[in-house]
K.L.:
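My questions will all concern the structure given below.
Values below: every heavy atom of this structure, side chains too, minus hydrogens, waters and symmetry copies. Numbers here are sequence positions counted from 1.
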Amino acid sequence: MRYLSTLILMIAVAVFMYSCSSGSFKKTKSGMLYQIVKNGKGEKLKPGNYVKFHVKTFQKDSLSYNSYGKLPAFMGVDSVGRPYDLTEVMPLLSVGDSVVVIQLIDSIAKYMGGQIPPGFKKGDKIKYHLSVLEAYKNMPEAQAAFDKEMKDQKFKEIAEIERYIKDKKINAVKTQLGTYVEVINPGQGPRPDSGKQVAVKYTGFKFNGKKFDSNVDTTFGHTEPFDVLIGQMSVVPGFEDGIKQLAKGGKARVYIPSMLAYGMNGSPPAIEPLENLIFEIEVLDIKIAPKPEPAPPMPDKVDVPVTDTTKSTNGGNKSSDKKK
């Protein structure tokens, strides 16, 4: 089960650009700008609450994240919040409010010991647009709401893939895990199980047909076979699940819900959060995975220098040549 901390981390690293005039903005205690653009007139958020909200994220005038119509974000509310952070704004809001928040990169750098966040330069701005949906009194209530959102998201992804498969008249079978596999050639011999190393060729597609990675297409710069250790979580679950349906020489197209791919975090910039994926996979070889090399043995005795304090004067110590 995924927990709220995963989503909170995702939102903490997201950035947003929203068109607005800075003249009507207020400041938090740390100097962060914010403007309530819609007053929802709902319950005031209190310390100890957990809040469910949607957020849009733009960076350099390009939309980089949008939870609207997808999985909402969750965050805890405390009385103060971290300086120059979204948590500082939450105690100022009510359920139903929409707010624009502006962070100046120069100010962020001040709170990061002078370090500018990667991908930014001096003078850049970070802006968020948030809409507060619900407030929960405690973590169990928020966790239950989050679990329901996750369940609904899973059903939505399954419906999208099944609709795509139906529209394209694709003969794909849903596995027990939840991956959809269109077997082109099953291959010959046993299928790989835990402890096997499988060499594959692959090409990854978005559902709009755009390639995002491949070791077949030379334009991606790597054409060597890709080794997958079955049962070691070395790749996303849906990719491994597709491989396990094939024997040596087998080929398939694998349709993977985002929750069995890169999920809420995505894999920027190529893969967006909550994006379903398609992989074409060819199994080149299956063999027993090589055993890891054993760690070198620890020595029976370690010589450690010892400081001779018996000859110290005026607080100074002289190092002795004696060893333990």
Side-chain angles (χ1 to χ4, degrees), residues 4-112 117 119-120 123-139 141-142 145-146 149 153 264-265 272-274:
L4 293 178
S5 58
T6 304
L7 192 54
I8 290 170
L9 176 62
M10 180 186 72
I11 296 302
V13 299
V15 291
F16 171 82
M17 184 67 67
Y18 183 85
S19 297
C20 56
S21 170
S22 61
S24 57
F25 277 65
K26 298 179 181 179
K27 289 185 178 181
T28 65
K29 290 182 179 180
S30 66
M32 188 167 59
L33 297 170
Y34 75 97
Q35 179 187 23
I36 297 177
V37 295
K38 176 187 174 184
N39 192 329
K41 299 180 180 179
E43 181 182 358
K44 183 80 172 177
L45 300 182
K46 302 179 180 65
N49 286 169
Y50 287 82
V51 57
K52 178 172 74 174
F53 61 98
H54 276 308
V55 59
K56 283 185 178 179
T57 304
F58 286 77
Q59 181 177 350
K60 298 179 181 178
D61 297 324
S62 297
L63 183 67
S64 61
Y65 182 76
N66 183 4
S67 74
Y68 287 82
K70 298 181 181 179
L71 193 69
F74 288 74
M75 182 181 291
V77 180
D78 59 42
S79 58
V80 178
R82 294 181 293 274
Y84 220 76
D85 183 84
L86 287 181
T87 57
E88 193 180 24
V89 176
M90 287 300 177
L92 308 175
L93 304 178
S94 300
V95 174
D97 284 356
S98 292
V99 62
V100 175
V101 181
I102 299 178
Q103 294 176 324
L104 306 178
I105 290 298
D106 294 358
S107 297
I108 292 177
K110 181 179 70 174
Y111 285 97
M112 297 177 62
F120 294 95
D124 282 346
K125 295 179 181 179
I126 298 174
K127 300 183 182 180
Y128 305 80
H129 182 266
L130 294 89
S131 296
V132 179
L133 303 175
E134 297 286 348
Y136 305 96
K137 294 180 180 179
N138 51 50
M139 171 65 88
E141 287 186 7
F146 180 74
E149 293 287 351
Q153 176 65 27
M264 296 180 295
N265 294 328
E272 296 179 6
L274 302 172

K.L.:
Could you tell me whether the side chains of H54 and S67 share a donor-acceptor contact shorter than 3.5 Å?
P.N.:
yes
K.L.:
Is a side-chain N or O of T87 found less than 3.5 angstrom from the main chain of R82, in a donor-acceptor match?
P.N.:
yes
K.L.:
When you measure from the side chain of Y84 to the backbone of L104, do you find a donor-acceptor pair of N or O atoms at a distance under 3.5 Å?
P.N.:
yes
K.L.:
Take L86 and L130 through the side-chain contact (heavy atoms from CB on, under 4.5 Å) test and state the conclusion after the steps.
P.N.:
CA-CA 10 Å; L86 287 181; L130 294 89; 4.1 Å; yes
K.L.:
Can you check side-chain contact (heavy atoms from CB on, under 4.5 Å) on K125 and I105, steps first, answer last?
P.N.:
CA-CA 6 Å; K125 295 179 181 179; I105 290 298; over 6 Å; no
K.L.:
Do you know the tightest heavy-atom contact between K70 and P273?
P.N.:
NZ-O, 3.9 Å
K.L.:
Are F120 and I126 packed together at the side-chain level, in the sense that at least one heavy-atom pair is separated by less than 4.5 angstrom?
P.N.:
yes
K.L.:
Just wondering, do M32 and S107 contact through their side chains at under 4.5 Å, heavy atoms?
P.N.:
no
K.L.:
What's the shortest heavy-atom distance between V55 and Y128, and which atoms?
P.N.:
CG2-CD2, 4.4 Å
K.L.:
Near K46 NZ, under 6.0 Å, is it more than 12 heavy atoms from other residues, nucleotides or ligands?
P.N.:
yes
K.L.:
side-chain contact (heavy atoms from CB on, under 4.5 Å) between V37 and H129: does it pass, once the steps are laid out?
P.N.:
CA-CA 9 Å; V37 295; H129 182 266; 4.0 Å; yes
K.L.:
Any donor-acceptor pair under 3.5 Å linking the side chain of E88 with the backbone of S30?
P.N.:
yes
K.L.:
Determine whether F146 and K52 make a side-chain contact, defined as any pair of heavy atoms from C-beta on separated by less than 4.5 Å.
P.N.:
no
K.L.:
Can you tell if the side chain of E141 reaches within under 4.5 Å of the side chain of N138, non-hydrogen atoms only?
P.N.:
yes
K.L.:
For K44, give me all partners under salt bridge (Lys or Arg N to Asp or Glu O under 4.0 Å), at least two apart in sequence or on another chain.
P.N.:
none
K.L.:
Identify the heavy atoms of Y68 and N66 that sit nearest to each other, and give their distance.
P.N.:
N-OD1, 2.9 Å
